[in-house]
Amino acid sequence: MSEPAYIQDIGGYEGKTVTVQGWVADKTDKGKLQFLRVRDGTGVIQATLFQKAVPPEAFDLAKHVAQESSVVVTGEVRKEPRAPGGYELSVSDMHAVQLARGEFPITPKEHGIEFLMQNRHLWLRSSRQHAILRIRATIIRAIRNWLDDNGFLLVDTPILTPAAVEGTTTLFETDFYGEPAFLTQSGQLYNEANAMAFGKVYCFGPTFRAEKSKTRRHLSEFWMVEPEWAFGTLDDYMNVAEQMVSYVVQTVLQERATELKALERDTTFLEKIVPPFPRISYDEAVEIIRARGDANFKWGDDFGAPDETLISEQFDRPVFVHHYPTDMKAFYMAPDPIRPAVCLSADLLAPEGYGEVIGGGQRSDNLEYLEAQLLKHNLPRAPYEWYLDLRKYGSVPHCGFGLGVERTVAWICKLDHVRETIAFPRMLEKIMQ
RNA sequence: UCCGCGAUAGCUCAAUCGGCAGAGCAUGCGGCUGUUAACCGCAGGGUUCAAGGUUCAAGUCCUUGUCGCGGAGCCA
């Protein structure tokens, strides 16, 4: 038996005979000549079988093998400009591991989204999904690398939580030994405890929101990275976030050019993603909306999707919108000391209409203010007692933010919908595979 | 939760005014030594989402329901 090889390394085997183990992605029958496109998860290579060059059983197999049958193909690696990828396998022998039973649902032709989502477990085998999920993996690795290299310690926060962080209507409830427990909406409050212990920390994990949101930017289960650090201010947060996001985008440009090209992503937009990012206040954002969109937009209202698009369209880079009205944001956001009606928060809006990819800001370090905020938001004190402790024992200014992985992937890949950015999306009231 | 659109062959879709259920792709068989969205020929393939109603006649019109898609609100 010849040397086993992965398709991604095939260029290093030119002139040698190798064995590729994979699946039949596609084929062309030319009579006495068969072309198979074989996929092994690392890539696709064209395997060419001439009738007189292979055993009769192998040729018969190639002629009749159905799409997505698993096969082992042995042949000589040849440089071949006519083949996709530039290399081709001149097959000397081939056998099947398992012949696909019946027709593979996902053909090289077009399909509707409903059908594709029903067959998500099989759709993952297609080249477009490969490109997206490889870029996702690179984005996650780049985020981790940047944080690890910049002094942030990974301290993961719990997924099962006893109480709501920001209200209860959007929580998934579970039965925890007979007591209600909720799937986490954010690691934020725990992050603050960790930041007071370790200085600079981050958590990275799944997050759950039972929101009745049925849009192209919402998932019920999504991944979020949340850095949090002591002695950090609103400006520090924006500096860190723009460095991290720029690093992520540049890493994808360097390492995933093939995948971006497969997605037909215009990378000129991505190449511009370098610090500094423009920063505007909520007040200024309202002016933009009033001037170019809704003239009657009320100060204190949250931005809708069209408003966010309008704002982000004014810039060629992601834009921070800071100093939101205090009443609009979570109870723990620090109010501006000079103008308490606004708080030291900022969201990062991605370009090209992708909306909010980061939310964050400076947290209040004041015990009395937080006690008052709990009352104002009708939150019970007992579950937050430990959180208030953080303001009793060496409270310091601190800040942090949360970046939504799926929205970031959708933006960088320029996808219509976040459902393709994760292998098995969990969407509103829908859980299939 | 609200608004809009849709459901016909395995898939993507067509079917005029209410009048014989169609195409392309996929599949099967045959042909072809450079295909790569191949090409050429032949063949098979239908509870028109469900239930009810109007009609001589319903894929088409009406009612209800189910599911899907798009958008809004809310959020990352």
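We name chains A, B, ... by the order of the sequence lines, and we start the count at 1 in each one.
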Practice problem: Using a strict 4.0 Å threshold on nitrogen-to-oxygen distance, state whether A:R39 and A:E68 make a salt bridge. | Solution: yes
Between the protein and nucleotides 47-49 of chain B, which nitrogen or oxygen pairs come in under 3.5 angstrom?
none

Quiz prompt | Any-strand Watson-Crick or G-U partner of B:C74, both distances under 3.5 Å | solution = none
Practice problem: Between A:F35 and A:T215, name the one whose nearest nucleotide on RNA chain B is closer to the 5' end. | Solution: A:F35
Quiz item: Hey, mind stepping through A:E406 and A:R419 against salt bridge (Lys or Arg N to Asp or Glu O under 4.0 Å) and telling me if it holds?
Solution: CA-CA 8 Å; A:E406 286 74 15; A:R419 64 189 156 211; over 6 Å; no
Quiz item: According to the Watson-Crick and G-U wobble definitions, with both distances under 3.5 Å, which nucleotide is paired to B:C5?
Solution: B:G68
Quiz item: Reckon A:K214 has a side-chain N or O less than 4.0 Å from the OP1 or OP2 of B:C69?
Solution: yes
Exercise. Calculate the interatomic distance between A:F172 atom CZ and B:C75 atom C1'; express it in whole Å.
Key: 13 Å
Quiz item: Do the charged groups of A:E14 and A:R78 touch, with an N to O distance under 4.0 Å?
Solution: no
Practice problem: Give the intermediate values and the outcome of ring pair (Phe, Tyr, Trp, His ring centres under 6.0 Å) for residues A:Y384 and A:F331. | Solution: CA-CA 12 Å; A:Y384 293 95; A:F331 76 91; 5.5 Å; yes
Quiz prompt | Partner residues of A:D283 under the salt bridge (charged side-chain N to carboxylate O under 4.0 Å, His left out) criterion, sequence neighbours left out | solution = A:R339
Quiz item: Now, which nucleotide makes the Watson-Crick or G-U wobble pair with B:G34, with each of the two distances under 3.5 Å?
Solution: none
Quiz item: Which part of the nucleic acid does A:I358 contact within heavy-atom distance under 4.0 Å: base, sugar-phosphate only, or nothing?
Solution: sugar-phosphate
Quiz prompt | Residues A:D29, A:Q34; criterion side chain to side chain donor-acceptor pair (under 3.5 Å); working and verdict | solution = CA-CA 5 Å; A:D29 181 351; A:Q34 301 292 328; 2.8 Å; yes
Quiz item: What salt bridge (charged side-chain N to carboxylate O under 4.0 Å, His left out) pairs are there with at least one residue in residues 139-162 of chain A, not counting sequence neighbours?
Solution: A:R141-A:E255
Exercise. Considering only atom P, compute the distance from B:A15 to B:G19 and round it to an integer number of Å.
Key: 12 Å
Self-check item: Pairing residues for A:K200 by the salt bridge (charged side-chain N to carboxylate O under 4.0 Å, His left out) criterion, not counting sequence neighbours
Solution: none
Exercise. Assess whether one donor atom and one acceptor atom, taken from the side chain of A:H218 and the base of B:C75, lie less than 3.5 Å apart.
Key: yes
Practice problem: Using the P atoms only, state how far B:A23 lies from B:C42, rounded to an integer number of Å. | Solution: 12 Å
Exercise. Using the test side-chain hydrogen bond (donor to acceptor under 3.5 Å, both in side chains), find all partners of A:E271 that sit at least two apart in sequence or belong to another chain.
Key: A:T267
Taking distance alone, no hydrogens or angles, what donor-acceptor pairs closer than 3.5 Å link side-chain atoms of residues 49-62 of chain A to residues at least two apart or in another chain?
none

Quiz prompt | Which residues share a salt bridge (charged side-chain N to carboxylate O under 4.0 Å, His left out) with A:R120, sequence neighbours left out | solution = none
Quiz prompt | Minimum-distance nucleotide to A:L33 side chain [options: B:C32, B:C29, B:G34] | solution = B:G34
Exercise. Pick the C1' atom in B:G22 and in B:U48, then give their distance to the nearest Å.
Key: 12 Å
Quiz item: Between the side chains of A:R82 and A:Q46, is a donor N or O closer than 3.5 angstrom to an acceptor N or O?
Solution: no
Exercise. Return yes if the base of B:G34 and the side-chain atoms of A:Q34 contain a donor-acceptor N/O pair under 3.5 Å, otherwise no.
Key: no
Quiz prompt | Base paired to B:U60 (Watson-Crick or G-U; both N/O distances under 3.5 angstrom) | solution = none
Quiz item: Going by number, which of residues 408-421 of chain A have a non-hydrogen atom under 4.0 Å from RNA chain B?
Solution: A:H417, A:R419
Quiz prompt | Intermediate values then yes/no, side chain to side chain contact (heavy atoms under 4.5 Å, CB included), A:V38 and A:V44 | solution = CA-CA 5 Å; A:V38 177; A:V44 179; over 6 Å; no
Exercise. Would you kindly compare A:D302 and A:A305 by the position of their nearest RNA chain B nucleotide and give the one closer to the 5′ end?
Key: A:A305
Self-check item: Integer angstrom distance from the C1' of B:A38 to that of B:C25
Solution: 13 Å
Quiz item: Does a salt bridge link A:R279 with A:E242, judged by any charged N lying under 4.0 Å from a carboxylate O?
Solution: yes
Quiz item: Between B:G34, B:C29, B:A26, which nucleotide gets closest to the side-chain atoms of A:T107?
Solution: B:A26
Quiz item: Whole-Å distance between B:C67 P and A:M427 CE?
Solution: 15 Å
Quiz item: Between B:U35, B:A26, B:C75, which one does the side chain of A:E308 approach most closely?
Solution: B:C75
Exercise. Would you check if there is a donor-acceptor pair between the side chains of A:Q188 and A:Y332 at a distance under 3.5 Å?
Key: yes
Could you go through nucleotides 42-45 of chain B and list every protein N or O atom that sits under 3.5 Å from one of its N or O atoms, giving the distance for each pair?
none

Practice problem: Give one of base, sugar-phosphate or nothing for A:E80, where a contact means two heavy atoms less than 4.0 Å apart. | Solution: base
Exercise. Counting Watson-Crick and G-U wobble pairs only, both distances under 3.5 Å, name the nucleotide matched with B:G22, or none.
Key: B:C13
Quiz item: Expressed in whole Å, how much space separates the C1' atoms belonging to B:U16 and B:A51?
Solution: 29 Å
Quiz prompt | Pair A:F303 + A:Y282: ring centers closer than 6.0 Å | solution = yes
Exercise. Output yes if the stacking criterion (under 5.5 Å between centres, under 30° between planes) is met for A:F222 over the base of B:A76, else no.
Key: yes
Quiz item: In whole Å, what separates the C1' atom of B:U60 from that of B:C17?
Solution: 11 Å
Quiz item: In residues 47-63 of chain A, what residues come within less than 4.0 Å of RNA chain B, judged by heavy atoms?
Solution: A:F50, A:K52
Quiz item: Between B:C67, B:C74, B:A76, which nucleotide has the shortest distance from any of its atoms to the side chain of A:E114?
Solution: B:C67
Quiz item: Taking only residues two or more places apart in sequence, or in another chain, which ones meet A:F152 in a ring-ring contact (aromatic ring centres under 6.0 Å, His included)?
Solution: A:W229
Exercise. Return the nearest nucleotide to the side chain of A:K32; candidates are B:U35, B:A72, B:C32.
Key: B:C32
Quiz item: Touch check for A:E221, heavy atoms < 4.0 angstrom, all strands: base, sugar-phosphate only, or nothing?
Solution: nothing
Quiz item: Is a salt bridge present between A:E88 and A:R37, judged by a nitrogen-to-oxygen distance below 4.0 Å?
Solution: no
Exercise. Mind checking A:G355 for me? I need base, sugar-phosphate or nothing, with any heavy atom below 4.0 Å counting as a touch.
Key: nothing
Exercise. Send over the distance from A:E103 CD to B:C29 P, rounded to a whole Å.
Key: 13 Å
Quiz prompt | Polar pair under 3.5 Å, donor/acceptor by atom type, side chain A:R407, base B:C75 | solution = yes
Got a list of protein N/O to nucleotides 36-39 of chain B N/O distances below 3.5 Å?
{"residue": "B:U36", "atom": "N3", "partner": "A:R82", "partner atom": "O", "Å": "2.6"}
{"residue": "B:U36", "atom": "O4", "partner": "A:R82", "partner atom": "O", "Å": "3.0"}
{"residue": "B:A37", "atom": "N3", "partner": "A:K109", "partner atom": "NZ", "Å": "3.0"}
{"residue": "B:A38", "atom": "N6", "partner": "A:D29", "partner atom": "O", "Å": "3.2"}

Quiz item: Considering Watson-Crick and G-U wobble pairs with both distances under 3.5 Å, what does B:U54 pair with?
Solution: none
Self-check item: SB check A:D307 A:R292 (cutoff 4.0 Å)
Solution: no
